[in-house]
Structure formats: structure tokens, C-alpha cells
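The next block holds one structure in the form of C-alpha cells; read it before the comments.
This is a predicted model, so every value here is computed, not measured. Whatever order the structure lists ligands and atoms in, that order sets their numbers, starting from 1.
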Amino acid sequence: MNPTAAFSRYSLGQFPTPLHRLHRLEQALGGGHLMVKRDDLAGFAVAGNKTRPLEFLIGDALTCGAEVVVSGGAPKSNFASALAAATRSAGLECELMVPGGKLDDPPVPLAMAIASGATLRFTGGDREELDTAIDERVRELAAAGRRAYAVPRGGACAVGALGFANAACELAEQGVPDDAAIVLPVGSGASVAGLIAGRAAVGAGWSVAGVSVSRPIDEMHEQTSSIAAACSRSMLTAEPHDALLVDATVPGMAAVTEGERVDALLAFDTEGLLFDPSYGVKALHHALTMIRQGSTEPIILWHTGGLTSAIPLIAREGAS
Ligand SMILES: Cc1ncc(COP(=O)(O)O)c(C=O)c1O
């Protein structure tokens with residue numbers, strides 16, 4: 001039984017996403033057992049892994065009778081952009097809190113949020129204050145008689161985590177063996193938290209390595225274990241065990257090392273796979289490093305999308 005079936009869900013994507021082996025990449029590495037879980041093909045706009053939490057968040061917002069969804073994120077936030085598109089599809093209004101001041105030339109994700117009709121509110125402050133700003137705006141709207149629904153940045157809450165708890169059920173149905181090692185990038189932690197809650201619910205023995213791209217490991221541990229525990233409580237399922245978290249915060253968001261760039265080119269050249277510089281390439285590099293170090297267990301590399309920023313990574317000097 002899938003414990004997420006008891007919750008409201010608004011269908012956006014196409015599931016299950018494909019899971020397939022990367023034989024040519026394995027050959028180039030001289031060994032290993034590497035598979036990719038294609039959430040980049042989740043099928044709603046270019047939302048990638050964000051499609052999963054959004055199905056549950058929008059479902060819950062509709063069940064709560066909300067008229068407007070309030071969330072936020074940095075101008076390059078893939079989540080905020082995907083949320084804006086999802087609210088539009090569901091006939092809900094969307095307000096996004098954006099750190100800093102108004103931008104003359106918004107980056108692609110913010111431009112997509114604008115195109116989806118989201119109202120932007122520039123806070124003048126930094127990213128860390130956004131969740132407080134979101135809650136304040138929801139209270140303001142409620143005081144004005146509007147039914148507003150708060151979504152913390154990244155969808156990092158128990159309802160958002162249901163998306164990846166459901167993904168764990170999907171993976172179990174795809175026949176992934178207990179000795180598999182799952183590798184995925186971590187930003188807000190919603191995905192990895194849901195995955196470990198779902199892993200406990202289905203009783204799978206997979207190891208889960210979350211590659212943290214923007215926040216220190218200690219902070220991420222606290223964040224992911226508390227969201228996972230809240231998600232498991234809401235599903236009435238077994239208590240989750242922590243993921244292994246890997247620090248990939250150096251050299252910084254969207255900055256890539258030479259090794260990461262080489263791996264992005266290798267994945268493109270052998271399999272035609274595109275990885276973005278902020279998230280995907282960090283998980284790819286971790287998975288390929290495991291193989292280079294002799295791992296023989298099946299590795300499931302979770303491709304989370306981020307495609308709007310993936311193409312510059314495969315640019316080559318001298319090509320014209
Ligand atoms: C492309 C991509 N991959 C992975 C993540 C990380 O997901 P999470 O925030 O659930 O940790 C994000 C977050 O924005 C993302 O945009």
C-alpha cells in the first residue's frame with residue numbers, strides 16, 4: 001500500500017519517470033553499475049523533481065480552499081518558478097517573496113514565474129528571511145479576508161516531502177534492489193527528506209547519499225531529519241533513518257570544479273544527458289567518484305532537472 005495515496009494530490013507530471021542503465025557511461029569509466037532516475041522528464045514545464053512536491057502542495061492548497069499561494073525563493077529558484085506555473089494550472093493566484101531588490105533583467109526562472117502571472121514582492125532582505133516573510137504575508141492576506149496558503153521555500157515541509165515519499169514507492173515498484181545506493185542533489189532538503197521517509201515506509205534497504213550544494217551539513221541534517229520525521233508521522237509509517245549527507249558547498253552555488261565539468265561533458269558525450277551547474281552536476285560527480293573508487297553496487301543517480309541552466313556547462317572552447 002502506498003501511504004501517500006491518502007493525501008490530496010493535484011496531477012501535474014507523468015509518472016513513473018523512467019529508470020534506466022547508463023551502459024556507455026559505465027564503459028567510459030571502465031566499470032560500475034550506474035542507473036539514472038529521470039525526473040528531468042517529469043513532464044510539467046521544466047519543473048523536474050519539483051513536480052513531485054508540487055502535486056501534494058497544490059492538492060493540499062485546493063483542499064484547504066485557498067485562493068492564493070504564497071511562497072518565495074531566490075531569483076534563480078527552480079522551485080518558485082515551477083510553483084508559479086503549477087498555481088496557474090490549478091487556477092490559483094501566486095505571490096512570491098524574492099530577496100533583494102527589483103531586477104532589470106530577471107534570470108530565466110524568475111522570468112518564467114512572471115510569465116506564469118505570479119505577483120513578485122521584493123523583500124530587500126536575504127534568502128534566509130524568506131520563510132518569515134511568507135508567513136507574515138499569509139497573515140496579512142488572512143486579515144484582509146483572503147484564503148492564503150503558505151509554502152516554505154523549496155517546498156521544504158511535511159506536505160512537500162510527500163512527493164518524494166511517493167517517489168520511494170515508485171522506485172520500489174520499479175524493482176530497485178535493497179543493495180542500491182541512491183545519489184541525489186540537496187538544496188532545501190524536501191526531496192531527500194521525503195525519500196528517507198518513503199524508504200522507511202516501504203522497508204527498503206537502499207543507502208541514500210544527499211549531496212548538499214548550498215547549506216552546511218549540520219544544518220541540513222537537522223532540517224532533513226525533522227521534515228522526514230514529520231512526513232512519516234503524517235503517513236503513520238515507520239520512523240525514518242537519516243541519509244548520508246555529502247558536502248558539495250565548495251566552490252559555491254553554480255560554480256563548478258574542473259572534475260565536475262569533465263563529468264558533465266562525459267555524461268553528455270556518452271549518454272546525451274544534460275546536468276545543471278548548481279545541483280545535477282554535483283550529484284553526477286559524486287556518483288562517478290563512487291564508481292572510480294571501486295563501488296560495484298547499483299548506483300541510482302537521481303536526475304532532478306534544472307535544465308534551464310544546463311546548457312552552458314557543455315560549452316567547449318573553440319566551438320563556434
Ligand atoms: C534542479 C534541482 N535539483 C535539486 C534540487 C534540490 O531539491 P530540494 O530542494 O528538494 O533539496 C533543486 C532545488 O531547487 C533543483 O532546482
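Judged as a salt bridge (charged side-chain N to carboxylate O under 4.0 Å, His left out), and not counting sequence neighbours, the contacts of Glu95 are Arg121, Arg137.
When hydrophobic side chains of Ile, Leu, Val, Met, Phe, Trp and Tyr are connected at separations under 4.5 Å, Leu265 ends up clustered with Phe268, Leu274, Leu307, Ile311, Ile314.
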Run the side-chain donor-acceptor check on residues 244-255: report pairs under 3.5 Å with partners two or more places apart or on a different chain.
residue : atom : partner : partner atom : Å
Asp247  : OD1  : Thr249  : N            : 2.9
Asp247  : OD1  : Thr249  : OG1          : 2.6

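Ion pairing between Arg316 and Asp269 holds under the 4.0 Å rule for side-chain N and carboxylate O.
What you find for Leu12 and Thr51 is that their closest heavy atoms are CB-CG2, 4.0 Å.
Within 4.0 Å of ligand 1, contacts by protein heavy atoms are made from Asn49, Lys50, Asn78, Pro185, Val186, Gly187, Ser188, Gly189, Ala190, Ser191, Tyr279, Thr304, Gly305, Gly306.
Across Arg52, His303, Lys50, a single residue satisfies side chain to side chain donor-acceptor pair (under 3.5 Å) together with Asp39, and that is Arg52.
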